[in-house]
Amino acid sequence: MGDDTLRSVHFERTENSKYLVHNVRGGTLSVGSGGETDTDFTPVELLLAAIGACSAIDVDVVVSRRAEPTEFSAVVRGDKVRDAEEGNRMENLAVEFTIRFPEGEAGDKAREALPRAVKMSHDRLCTVSRTVELGTPVETTVAG
């Protein structure tokens, strides 16, 4: 694959089980283990956020061409399974959108486009959920 397809983040440890994740554009995100007083996102929460945000962007681009939403939110859920034989994983992943549009012709067009936009995101556009559903292997190594 070429440089135009490569995506990456870099992270560094700030203390035990706490990290700063950096993207190539200068953004930074705190990640932690999810202790009782730890407000940082956990890796599982980031996975849920990535699935939801990816789909939300796809849907937003399509419907906002027709009308500006008056409400646009989503809840992403899943069950964390601890399995000694097959390893830990998430199951029952689901994204539930709540999207409302103003009354009138433009809002009607946006409401009409919404189900198709959600389906297109799920079936082919959202890189994150498509990757999870297809089960792409992950390679881990130690540098040096």
Closer than 3.5 angstrom, by distance alone: can the side chain of Arg89 be matched with the main-chain N or O of Val81 as a donor-acceptor pair?
no
Tell me whether Val118 shares a hydrophobic cluster with Leu125, the cluster being built from Ile, Leu, Val, Met, Phe, Trp, Tyr side chains joined at under 4.5 Å.
no
Heavy atoms, side chains only, cut-off 4.5 Å: are Glu91 and Lys80 in contact?
no
Hydrophobic clustering (ILVMFWY, side-chain heavy atoms < 4.5 Å, transitive) - are Leu46 and Val128 grouped together?
no
Within a 6.0 Å radius of atom CD on Glu112, are there more than 12 heavy atoms belonging to other residues, nucleotides or ligands?
no
Might you work through the side chain to side chain contact (heavy atoms under 4.5 Å, CB included) test for Leu29 and Asn23, ending with a clear yes or no?
CA-CA 9 Å; Leu29 181 67; Asn23 66 27; over 6 Å; no
Closest contact, heavy atoms only, Thr131 versus Thr127
OG1-O, 2.6 Å
Side-chain donor or acceptor of Ser121 paired with backbone N/O of Ala117 under 3.5 Å
no
Evaluation steps, side chain to side chain contact (heavy atoms under 4.5 Å, CB included), between Leu93 and Val76
CA-CA 7 Å; Leu93 294 170; Val76 185; 5.7 Å; no
Atom CZ of Arg66 and atom CG of Asp108: how far apart are they, to the nearest 0.5 Å?
12.5 Å
Shared hydrophobic cluster, Ile99 / Val62 (ILVMFWY, side-chain heavy atoms < 4.5 Å)
no
Any non-hydrogen side-chain atom of Val59 less than 4.5 Å from a side-chain atom of Phe72?
yes
Just do the side chain to side chain contact (heavy atoms under 4.5 Å, CB included) check on Thr98 and Arg100 with the steps written out, would you?
CA-CA 7 Å; Thr98 300; Arg100 302 197 194 309; 3.9 Å; yes
Sidechain-backbone polar pair: Thr42 side chain, Gly34 backbone, donor-acceptor under 3.5 Å:
no
Could you list all the salt bridge (charged side-chain N to carboxylate O under 4.0 Å, His left out) pairs where at least one residue sits in residues 25-41, not counting sequence neighbours?
Lys18-Asp38, Lys18-Asp40
Would you call Phe11 and Leu20 a side-chain contact if the rule is heavy atoms closer than 4.5 Å?
no
Please find the pair of heavy atoms, one from Ala74 and one from Phe97, that lie closest to each other, and give the distance.
CB-CD2, 3.7 Å
Any heavy-atom pair between the side chains of Val9 and Val24 that's under 4.5 Å?
no
Pro69 and Ser64, any side-chain heavy atoms less than 4.5 Å apart:
yes
With ILVMFWY side chains joined below 4.5 Å, transitively, what does Leu134's cluster contain besides itself?
none
Could you check Thr70 against Phe101 for side chain to side chain contact (heavy atoms under 4.5 Å, CB included), going step by step and ending with a plain yes or no?
CA-CA 5 Å; Thr70 57; Phe101 300 97; 5.6 Å; no
So, does Asp58 use its side chain to make a donor-acceptor pair with the main chain of Cys126 at under 3.5 Å?
yes
side-chain hydrogen bond (donor to acceptor under 3.5 Å, both in side chains): which pairs involve residues 134-144, sequence neighbours left out?
none
Side-chain heavy atoms of Arg111 within contact of Leu114, under 4.5 Å:
no
Has Glu105 got more than 12 heavy atoms of other residues, nucleotides or ligands less than 6.0 Å from its CD?
no
Over 12 foreign heavy atoms within 6.0 Å of CZ, Phe41
no
Is there a side-chain contact between His22 and Glu12 in this structure, where contact means two heavy atoms from C-beta onward sitting under 4.5 Å apart?
yes
Under a 4.0 Å threshold between the charged nitrogen and the carboxylate oxygen, would Glu96 count as salt-bridged to Arg77?
yes
Between the main-chain N or O of Asp123 and the side-chain N or O of Arg130, is there a donor-acceptor pair closer than 3.5 Å?
yes
